[in-house]
Amino acid sequence: MSRIGKLPITLPAGVAVTIGDDNVITLKGPKGELSQPVSGNMKIELNDGVLTIERPDDEKESRSLHGLYRSLLNNMVIGVSEGFRKELELVGVGYRVSNNGQLLELSLGYTHSIFLQLPNEIKVETKMERNKNPLIILESCDKQLLGQVCAKIRSFRKPEPYKGKGVRFVGEQVRRKSGKTASK
């Protein structure tokens, strides 16, 4: 039904692709290096800076793997050429964040501070400005790893619906609920 899997992936300048003998694809670019093993029955070709993926038959499993690997490889190409960036903000009185290298220190209203050691593939920057919510800016070439780290940071204090306090993505809308007094 979807025609996205059939779209070829055009490689920008500065991105090098190597296809291993056991279908491991490695991409190198200005932002980093990523590799992805691909199912053995998928056929991957590189012609004139265009990467194409073909499936052997039209069975359901082959169709789903075709779209999956095309999406993963496209995200890898974008990651090694441009990179991915996510911004989290801490909404709440007394919420603070600081980093010392790859060690992130979060103060989220608990009796203790939360320390999180980030992987080396992720670049972190924190901003604390007066009268603004603290920001955590994460950058990486690996979209999957970046999403996992953001989900881990967010899980420490999810946004709650009554006051809207917690860790949320910049621009995220939190549905607010009225408290008990609104029903009287």
Side-chain angles (χ1 to χ4, degrees), residues 2-20 23-39 42 44-53 65-91 95-106 108 114-129 132-159 166-174:
S2 174
R3 290 168 297 284
I4 299 295
K6 296 178 182 177
L7 287 177
I9 301 168
T10 57
L11 300 174
V15 176
V17 177
T18 56
I19 301 172
N23 265 3
V24 175
I25 297 177
T26 305
L27 285 124
K28 291 182 184 176
K31 297 283 184 175
E33 177 180 347
L34 294 171
S35 63
Q36 174 69 42
V38 177
S39 178
M42 292 292 159
I44 299 168
E45 296 177 353
L46 178 64
N47 295 326
D48 299 331
V50 176
L51 195 64
T52 57
I53 304 167
L65 287 177
H66 184 207
L68 169 74
Y69 287 127
R70 194 260 175 216
S71 178
L72 289 175
L73 293 176
N74 189 42
N75 285 338
M76 287 170 56
V77 168
I78 294 170
V80 297
S81 61
E82 302 168 16
F84 294 101
R85 177 185 172 105
K86 298 247 184 181
E87 295 182 2
L88 297 163
E89 66 178 336
L90 282 61
V91 180
Y95 288 8
R96 300 185 183 283
V97 65
S98 64
N99 70 314
N100 186 5
Q102 293 298 99
L103 186 66
L104 195 64
E105 180 182 359
L106 299 158
L108 298 175
I114 299 170
F115 294 94
L116 180 66
Q117 182 67 38
L118 297 175
N120 291 331
E121 294 87 14
I122 293 182
K123 296 176 186 158
V124 63
E125 179 185 349
T126 57
K127 288 186 182 177
M128 295 270 299
E129 295 180 13
K132 290 188 178 179
N133 293 329
L135 286 176
I136 304 170
I137 301 167
L138 301 169
E139 293 182 15
S140 178
C141 63
D142 192 350
K143 187 175 186 179
Q144 182 178 3
L145 180 65
L146 184 64
Q148 284 179 336
V149 170
C150 287
K152 181 67 175 176
I153 293 171
R154 187 183 153 104
S155 72
F156 294 136
R157 180 75 83 172
K158 286 189 178 178
V167 180
R168 65 171 88 156
F169 292 103
V170 171
E172 178 183 0
Q173 298 292 323
V174 176

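Numbers for residues simply follow the sequence, beginning at 1.
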Chemist: Test your reading of the model: is there a side-chain donor-acceptor pair from Arg168 to the backbone of Val91, 3.5 Å cut-off?
Modeler: no
Chemist: State the CG-CZ distance between Leu106 and Arg96, to the nearest 0.5 angstrom.
Modeler: 13.0 Å
Chemist: Once you round to the nearest 0.5 Å, how far does CD1 of Ile122 lie from SG of Cys150?
Modeler: 7.0 Å
Chemist: How far apart are the closest heavy atoms of Ser98 and Thr126, and which atoms are they?
Modeler: CA-OG1, 4.0 Å
Chemist: Rounded to the nearest 0.5 Å, how far apart are CG of Leu116 and CG of Asn99?
Modeler: 11.5 Å
Chemist: Tell me, do Leu88 and Ile153 make a side-chain contact under 4.5 Å, heavy atoms counted?
Modeler: yes
Chemist: Could you go through the side-chain contact (heavy atoms from CB on, under 4.5 Å) check for Ile53 and His66 one step at a time?
Modeler: CA-CA 7 Å; Ile53 304 167; His66 184 207; 3.6 Å; yes
Chemist: Evaluate the side-chain contact (heavy atoms from CB on, under 4.5 Å) criterion for residues Phe84 and Cys141: first the C-alpha distance (whole Å), next the side-chain angles of each, then the deciding distance (0.1 Å), finally the verdict.
Modeler: CA-CA 6 Å; Phe84 294 101; Cys141 63; 6.0 Å; no
Chemist: Please identify which of these residues, Val80, Val77, Leu27, Leu73, meets the side-chain contact (heavy atoms from CB on, under 4.5 Å) condition with Val17.
Modeler: Leu27
Chemist: Where is the tightest heavy-atom contact between Met42 and Asn23, given as atom of each residue plus distance?
Modeler: O-ND2, 3.4 Å
Chemist: Considering all heavy atoms of both residues, which atom of Tyr95 and which atom of Pro134 are nearest to each other, and what is their separation?
Modeler: O-CG, 3.3 Å
Chemist: Test Val24 against Val38 for side-chain contact (heavy atoms from CB on, under 4.5 Å), laying out the working first.
Modeler: CA-CA 6 Å; Val24 175; Val38 177; over 6 Å; no
Chemist: State, with a plain yes or no, whether a side-chain heavy atom of Phe169 is found less than 4.5 Å away from one of Glu87.
Modeler: no
Chemist: From Ile114 CD1 over to Glu105 CD, what is the distance, rounded to the nearest 0.5 angstrom?
Modeler: 10.0 Å
Chemist: Between Leu118 and Leu103, is any pair of side-chain heavy atoms under 4.5 Å apart?
Modeler: no
Chemist: Gly14 and Pro30: which non-hydrogen atoms are nearest, and at how many Å?
Modeler: O-CD, 3.8 Å
Chemist: Are the side chains of Leu51 and Thr10 in touch, meaning some heavy atoms are under 4.5 Å apart?
Modeler: no
Chemist: Answer yes or no: is there a donor N or O on one side and an acceptor on the other, between the side chain of Ser81 and the main chain of Ile78, under 3.5 Å?
Modeler: yes
Chemist: Looking at Pro119 and Val149, what are the two nearest heavy atoms and their distance?
Modeler: CD-CG2, 4.1 Å
Chemist: Take atom CD in Glu45; do more than 12 heavy atoms of anything else shown fall under 6.0 Å from it?
Modeler: yes
Chemist: Looking at Arg154 and Glu172, is there a salt bridge between them, counting it only when a charged N and a carboxylate O are closer than 4.0 Å?
Modeler: yes
Chemist: Quick one: pull up OG in Ser35 and CD in Glu33 and give me the separation to the nearest 0.5 Å.
Modeler: 7.0 Å
Chemist: For Val97 versus Leu104, what's the shortest heavy-atom pair and its separation?
Modeler: CG2-CD1, 3.9 Å
Chemist: For Gln117, is the CD atom crowded, meaning more than 12 foreign heavy atoms sit under 6.0 Å from it?
Modeler: yes
Chemist: Where do Phe156 and Val167 land on the side-chain contact (heavy atoms from CB on, under 4.5 Å) test, with the steps shown first?
Modeler: CA-CA 8 Å; Phe156 294 136; Val167 180; 5.7 Å; no
Chemist: Can you measure from CZ (Arg70) to CD1 (Ile44) and round to the nearest 0.5 angstrom?
Modeler: 12.5 Å
Chemist: Please examine the side chains of Ile9 and Leu7, heavy atoms only from C-beta on, and report whether any two atoms are closer than 4.5 Å.
Modeler: no
Chemist: Is the closest basic N to carboxylate O distance between Lys123 and Glu139 below 4.0 Å?
Modeler: no
